[in-house]
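Just below is one structure, and these are the notes that go with it.
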Amino acid sequence: MDETLTLGMDVGSTTSKCLILRGGKDILAAALIPAGTGTSGPRRALEEALEKAALQREEIAAVTATGYGRGNFPGADWVVSELSCHALGARALDGEARTVIDIGGQDAKALHLGPDGQLLGFLMNDKCAAGTGRFLEVMARVLEKEVSDLAEMDERADGVVPISSTCTVFAESEVISRLAGGADLCQLVKGIHRSVAVRTASLARRLGITEPVAMTGGVARNAGVVRALEAELGTAIRVSPLSQLAGALGAALHGWRKLRA
Ligand code: ADP
């Protein structure tokens with residue numbers, strides 16, 4: 001049995017994710033710290049994952065760093081782009097996915113994978129906060145809620161308050177004025193989710209949709225956004241409970257493949 005231990009570290013803009021893999025297959029431990037690049041998040045995620053797996057860092061055969069802050073993670077054996085790691089990780093989570101939509105804290109990407117999981121093309125929005133996790137964080141703050149509350153509020157909505165501004169700053173003002181006008185909070189949340197879905201669907205359509213479609217990244221944990229995106233694209237979207245760890249899983253897999261090459 002292959003006992004090789006590899007570690008993937010995804011240093012995100014908002015969250016640090018660390019995952020330890022045995023034999024390129026078994027997930028021994030994972031840690032997710034809601035603090036991203038430039039903070040203690042990466043170090044804490046590493047320590048937590050090692051502790052959960054009862055391992056020392058010296059026992060890890062290869063460390064691969066990915067994500068927005070990958071260049072700042074000390075001691076990585078490999079530093080690999082998010083696109084490669086997300087493609088690898090998403091495919092490990094869902095062996096059939098041909099289109100992967102990843103929405104993180106600061107960007108949104110659409111990836112087109114071949115039948116064997118090879119990356120055939122991608123499109124990315126990393127210029128504008130609208131349609132990213134940041135947009136949802138800003139809106140949650142205005143509503144005095146946590147991002148983790150939004151999916152359930154969306155489910156309770158019996159209508160939708162549409163958000164017409166595409167810019168995060170203007171959309172924030174729009175939500176504030178709707179709140180002042182007595183709009184229903186849950187309906188507002190549904191409108192906010194729809195706004196993210198419209199932007200993401202347009203990105204994915206420009207790339208071209210090949211089914212099945214999977215979603216990764218932290219925003220995939222928000223079932224309200226997933227449902228809104230399904231409605232926009234007119235197709236089912238597969239989501240793994242480990243969606244936010246896709247990049248870290250891909251990084252750990254990358255290390256394992258490199259060691260075998
Ligand atoms: P990054 O790699 O840029 O740090 P992630 O893929 O980790 O981004 O996603 C971070 C985003 O995920 C946050 O901006 C937030 O919108 C969303 N998110 C994180 N946790 C949850 C949760 N429990 N429920 C809903 N959304 C979440």
Side-chain angles (χ1 to χ4, degrees), residues 8-19 30-46 48-49 64-73 79-90 93 100-111 124-143 145-155 168 171-172 186 189-190 192-193 195-197 199-200 214-229 237 239-251:
M9 169 62 68
D10 181 0
V11 183
S13 61
T14 67
T15 309
S16 303
K17 283 85 56 176
C18 182
L19 184 144
L32 207 147
I33 304 284
T37 184
T39 71
S40 61
R43 180 181 50 77
R44 282 155 57 205
L46 175 78
E48 188 180 314
T64 305
T66 188
Y68 180 68
R70 61 187 177 275
N72 299 329
F73 184 70
V79 178
V80 181
S81 92
E82 283 164 271
L83 290 167
S84 322
C85 288
H86 268 101
L88 258 178
L93 293 176
V100 177
I101 296 172
D102 179 277
I103 313 183
Q106 199 164 265
D107 62 22
K109 328 182 230 301
L111 274 52
M124 190 159 171
N125 160 31
D126 57 359
K127 298 278 179 283
C128 169
T132 71
R134 179 61 45 85
F135 181 85
L136 294 164
E137 285 173 23
V138 168
M139 298 308 162
R141 198 182 57 230
V142 172
L143 302 177
K145 300 287 173 193
E146 301 293 329
V147 277
S148 51
D149 297 328
L150 301 180
E152 192 240 334
M153 291 174 73
D154 179 294
E155 191 144 24
T168 306
E172 185 181 12
C186 295
V189 167
K190 214 177 183 62
I192 289 164
H193 288 165
S195 156
V196 171
R199 290 196 65 106
T200 313
M215 194 170 159
T216 59
V219 175
R221 293 175 69 182
N222 181 334
V225 173
V226 178
R227 271 194 305 272
L229 195 51
I237 297 178
V239 182
S240 154
L242 301 180
S243 64
Q244 201 172 3
L245 290 163
L249 173 58

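In listed order, ligands and their atoms are each counted from 1. The chain is numbered in sequence order, starting from 1.
- Checked by atom type and distance alone, the side chain of S16 never pairs as donor or acceptor with a backbone atom of V11 at under 3.5 Å.
- Distance alone, capped at 3.5 Å, places no donor-acceptor pair between the D149 side chain and the A151 backbone.
- From the protein, the heavy atom lying nearest to atom 10 (C) of ligand 1 is T14 OG1, 3.3 Å.
- Within the 4.0 Å heavy-atom shell around ligand 1 one does not find E146.
- At a threshold of 4.5 Å between non-hydrogen side-chain atoms, the residues H86 and V100 do not count as touching.
- With hydrogens left out, the protein atom closest to atom 25 (C) of ligand 1 is V147 O, 3.7 Å, a heavy atom.
- Remark: ligand 1 and T15 share an N or O pair separated by less than 3.5 Å (distance only, no angle test).
- In this structure, the protein non-hydrogen atom closest to atom 2 (O) of ligand 1 is K17 NZ, 2.7 Å.
- You'll find the side chain of N222 stays beyond 4.5 Å of the side chain of V147, heavy atoms only.
- The single protein non-hydrogen atom nearest to atom 24 (N) of ligand 1 is S148 CA, 3.6 Å, given as residue, atom name and distance.
- Protein heavy atom closest to atom 3 (O) of ligand 1, with residue, atom name and distance, is S13 OG, 2.8 Å.
- Scanning the protein heavy atoms around atom 8 (O) of ligand 1, the nearest turns out to be G105 N, 2.8 Å.
- Interface of G133 with ligand 1, defined as ligand atoms under 4.0 Å from a residue heavy atom, comprises 14 (O), 16 (O).
- In summary, the atoms of ligand 1 found under 4.0 Å from a heavy atom of G217, numbered by their order in the structure, are 6 (O).
- Around atom 6 (O) of ligand 1, the closest heavy atom drawn from A246, G12, G218 belongs to G218.
- Checked against V225 for a side chain to side chain contact (heavy atoms under 4.5 Å, CB included), the options L150, D154, V219 give a single hit: V219.
- Atom CZ of F73 has more than 12 heavy atoms from other residues, nucleotides or ligands within 6.0 Å.
- Nearest protein heavy-atom neighbour of atom 14 (O) of ligand 1: E137 OE2, 2.4 Å.
- Here the protein heavy atom with the shortest distance to atom 19 (C) of ligand 1 is Q244 NE2, 4.0 Å.
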Steps toward side-chain contact (heavy atoms from CB on, under 4.5 Å) verdict (M215, L229): CA-CA 10 Å; M215 194 170 159; L229 195 51; 3.9 Å; yes
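- Near G104, meaning under 4.0 Å from any of its heavy atoms, are these atoms of ligand 1: 5 (P), 6 (O), 8 (O), 9 (O).
- In this structure the side chain of M9 never reaches within 4.5 angstrom of the side chain of K17, judged on heavy atoms.
- Checking only distances, D10 never comes within under 3.5 Å of ligand 1, N or O to N or O.
- Atom CG of L249 is separated from atom CG of D10 by 10.5 Å, given to the nearest 0.5 angstrom.
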Steps toward side-chain contact (heavy atoms from CB on, under 4.5 Å) verdict (R227, H193): CA-CA 9 Å; R227 271 194 305 272; H193 288 165; over 6 Å; no
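- When the heavy-atom distances from atom 22 (C) of ligand 1 to R221, Q106, H86 are ranked, the shortest goes to R221.
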